Amino acid sequence: MVEASDWELVQKCQAGDMSAFEELVSRYQQKVFTVILGLLRNREDALEVAQETFFRAYRKIKSFQGGSSFYTWLYRIAVNIAIDAQRRQKRNPLDFRESMDGVMEERNEFAKDPFADVHDKELRVKLVQSINDLTPEHRAVIVLRTLEGLSYKDIGELLGCSEGTVMSRLHYARKKLQEKLRAFL
Amino acid sequence: MNTCGEIRESIGAWLDGELSGAEADAVRSHLETCLICGEERRQLENLNRVMKDIFESEDFRLDVEPFWHGLRQRIAAKRPWHADLAEWAGPFIRAPSFAWAVPAVIVLLIGALYFGSILPGWGVLAPRNNFATVESIDAYGRNVALLREHESKTTVIWLYQNSDNENEGAGETSDKGPAF
């Protein structure tokens, strides 16, 4: 059986077919959640934002004309909501830092490799903190590039900016991280 | 000839494979000879590696079934009217976005000026009328002029000696009138 394309599923969904939307969700829920978690670094917040992303996509799917791929359109919604959520987190930095630290300890991220040296552990801790200190826009380009491996063109499409802006944001984001971590790199 | 500063700005994009052929060649050949920029490259590669490790070591798995169940329930639920309104108005009332305020103030000022030009006295910048009244009365052989300025509530009184009628009786009016 030939798998329906995204556009075919979108058209069915626009006609009111809920099962078509379920198929779209099952195709992209993991990818969307991964990007959002990479941006927010908090599982509960990421789950909430992922659900909000698909909810908004469902509500607005009739306005989707196929100008870009469904995947790009969906990612754009996800990244915009996640950036808004990050701004809210920035307003409550203590809560966010505590929850982030809790997650890292809970998963015992730094103790996975018993031979990992102190220097590497310290670098990782500092790097996580430094990524969290980036502006939402800078964090978005870092995550989309490092985690998703997207091209500058695709990142620009998702964030609604030019390739040059993506290059510039990536340069300054890395520069900030490098400055904070120079002693560890 | 590219300077070290220009090259360093391009090393990240070069490592990402995002530079065109000529640009990539320029960065590569510079890195072969410049130790300082070579160190910059090493640090960036290390940074990218650790970031990738951190992201990859995290558990990104999503429990698919509860996720879809929760989403379906949310879609089926009737939303309150204020949630729809908040979603619709969200982009316009987002707190940090005050960019609209500047053009709005300009439009208001232009409107006030225009309104003032078609309805004198109503515009914000319309000139205020500072009415003054001048009265002239004769009493007991003297010419008296009063100037009342309403804005500042000032009254100026002029007294003119009428030499011709100085000795005439009360109630006589001067032919010449006050010389103001």
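What you see is a predicted model; the values in this text were computed from it and never measured.
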Heavy-atom distances under 4.5 Å only: say whether [X] touches chain A with side chain, backbone, both or neither.
X	answer
B/D63	neither
B/E45	neither
B/R8	backbone
B/L19	side chain

Pairing of B/E18 and A/K153 as salt bridge, 4.0 angstrom limit: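 Answer for the salt bridge query: no.
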message: If hydrophobic clusters are built from ILVMFWY residues whose side chains come within less than 4.5 Å, do B/I110 and B/V102 share one?
response: yes
task: For residues B/V50 and A/K126, determine if any side-chain heavy atom of one lies less than 4.5 Å from a side-chain heavy atom of the other.
output: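 The answer is no; the side chains never approach within 4.5 Å.
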Would you give me the side-chain donor-acceptor pairs under 3.5 Å for residues 64-72 of chain B, sequence neighbours excluded?
residue : atom : partner : partner atom : Å
B/W68   : NE1  : A/E22   : OE2          : 3.2

message: Testing the basics here: between B/Q43 and A/R182, what is the closest heavy-atom pair and its distance to 0.1 Å?
response: OE1-NH1, 3.1 Å
- request: Quick one: closest heavy-atom pair of B/L47 and A/Q178, and the distance?
  value: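 Residues B/L47 and A/Q178, closest heavy atoms: CD2-N, 4.5 Å.
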To the nearest 0.5 Å, what is the distance between [atom1] on [X] and [atom2] on [Y]?
X	Y	atom1	atom2	value
A/L147	B/E56	CG	CD	8.0 Å
B/R61	A/L37	CZ	CG	12.0 Å
B/L62	A/T34	CG	OG1	8.0 Å
A/I142	B/M51	CD1	CE	4.0 Å

task: Just jot down the side chain to side chain donor-acceptor pair (under 3.5 Å) partners of B/E23, sequence neighbours excluded, or say none.
output: B/S20
field: A/Y58: ring pair (Phe, Tyr, Trp, His ring centres under 6.0 Å) partners, not counting sequence neighbours
entry: A/F21
message: Taking every non-hydrogen pair under 4.5 Å, which of A/Q51, A/E163, A/M18 racks up the most with chain B?
response: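 The candidate making the most pairs under 4.5 Å is A/Q51.
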Identify which part of [X] has an atom lying under 4.5 Å from any heavy atom of chain B, answering side chain, backbone, both or neither.
X	result
A/K31	neither
A/A50	both
A/S151	both

message: Tell me whether A/E48 at atom CD has more than 12 heavy atoms from other residues, nucleotides or ligands lying less than 6.0 Å away.
response: no
- prompt: How about A/E44: does its CD atom have over 12 heavy atoms from other parts shown lying under 6.0 Å from it?
  reply: no
- prompt: Do any of residues 164-177 of chain A come closer than 4.5 Å to chain B, heavy atom to heavy atom, and if so which ones, in number order?
  reply: A/M167, A/L170, A/H171, A/R174, A/L177
